[in-house]
Amino acid sequence: MTGTFNQRVYDVVRAIPAGKVATYGQIAALAGRPRNARFVGFALHANPEPGVIPCHRVVFRDGSLAPGFAFGGPDAQRALLEAEGVRFIPPRPGADNAGDNGWRVDLSQCQWDA
DNA sequence: CAAATGACGAATC
DNA sequence: AGATTCGCCATTT
């Protein structure tokens with residue numbers, strides 16, 4: 001425990017229950033820095049403890065995931081979240097695909113209720 | 001040792 | 001209402 005904001009981010013992400021997802025901004029707010037969603041992303045990218053920090057449960061405010069996901073691809077993340085019970089919204093004609101294949105997490109139902 | 005970079009989100013003009 | 005700018009920390013080279 002280095003006692004840094006970054007370390008606190010890992011703790012918050014690790015606390016996300018299976019079947020739920022949290023947004024970068026939400027984690028940043030829980031960590032005490034509501035305007036630091038950037039560093040939350042960097043913190044997870046650093047991912048000093050792979051397998052311990054469920055980065056796949058952290059998604060954008062839009063419900064899409066980060067471009068360049070490190071678990072094996074956005075498809076892998078969708079499978080992981082879907083396996084945990086997270087509901088996904090399929091790409092719909094008219095909606096812009098963001099980051100992903102167009103698949104986004106239904107934050108309305110599965111956003112982590114801290 | 002110092003500088004640059006890095007998965008975003010909200011506030012403001 | 002939309003577009004743009006700012007914010008802020010740690011890690012790495």
Side-chain angles (χ1 to χ4, degrees):
Chain A
M1 184 69 80
T2 49
T4 58
F5 165 72
N6 204 315
Q7 184 64 36
R8 180 142 60 222
V9 170
Y10 303 136
D11 190 45
V12 174
V13 175
R14 211 182 347 149
I16 302 173
K20 297 253 176 170
V21 292
T23 64
Y24 289 97
Q26 184 178 355
I27 293 167
L30 291 171
R33 251 86 240 193
R35 314 310 144 137
N36 280 41
R38 284 183 158 179
F39 313 122
V40 175
F42 178 44
L44 295 177
H45 186 201
N47 200 2
E49 312 206 50
V52 181
I53 304 170
C55 308
H56 60 274
R57 290 184 192 150
V58 186
V59 299
F60 279 88
R61 206 52 174 84
D62 293 333
S64 58
L65 9 125
F69 183 62
F71 279 87
D75 184 62
Q77 184 180 17
R78 178 161 64 81
L80 280 166
L81 294 172
E82 198 173 52
E84 290 182 346
V86 175
R87 293 184 187 178
F88 270 80
I89 303 175
R92 199 195 296 167
D96 293 341
N97 65 321
D100 243 338
N101 217 0
W103 287 81
R104 7 178 234 178
V105 180
D106 190 347
L107 296 175
S108 303
Q109 304 175 66
C110 296
Q111 182 167 23
W112 180 34
D113 179 26

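Predicted, not measured: the structure shown is a model, and the values here were computed from it. Per chain, numbering begins at 1; letters A, B, ... match sequence-line order.
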> Are A:Arg14 and A:Glu49 within salt-bridge range, i.e. N to O under 4.0 Å?
Replying inline: no
>> Taking any atom closer than 4.0 angstrom to a non-hydrogen atom of chain A, what span of DNA chain B does the protein reach, first nucleotide to last?
In response: B:dG6 to B:dA11
>> Are A:Phe42 and A:Val40 linked, directly or through intermediate hydrophobic residues, by side-chain heavy-atom contacts shorter than 4.5 Å (ILVMFWY only)?
In response: no
> Over how many whole Å does the gap from A:Phe42 atom CZ to C:dA10 atom P extend?
Replying inline: 11 Å
> Do the side chains of A:Val12 and A:Val58 join up, straight or via other hydrophobic residues, at under 4.5 Å, putting them in one cluster?
Replying inline: yes
>> Under the rule for side-chain contact (heavy atoms from CB on, under 4.5 Å), what residues qualify as partners of A:Ala22, not counting sequence neighbours?
In response: A:Ile16, A:Gln26, A:Ile27, A:Trp112
> To the nearest 0.5 Å, how far apart are CZ in A:Phe88 and CD in A:Gln77?
Replying inline: 6.5 Å
>> For A:Ala37 and A:Asn6, find the nucleotide of DNA chain C closest to each by heavy atoms; which residue's nucleotide sits nearer the 5' end?
In response: A:Ala37
>> Between P on C:dA10 and CG on A:Leu44, what's the gap in Å once rounded to a whole number?
In response: 15 Å
>> Whole angstroms only, please: what is the CZ-P distance between A:Arg35 and C:dT5?
In response: 19 Å
> To the nearest 0.5 Å, what is the distance between CD1 (A:Ile89) and CZ (A:Arg104)?
Replying inline: 5.0 Å
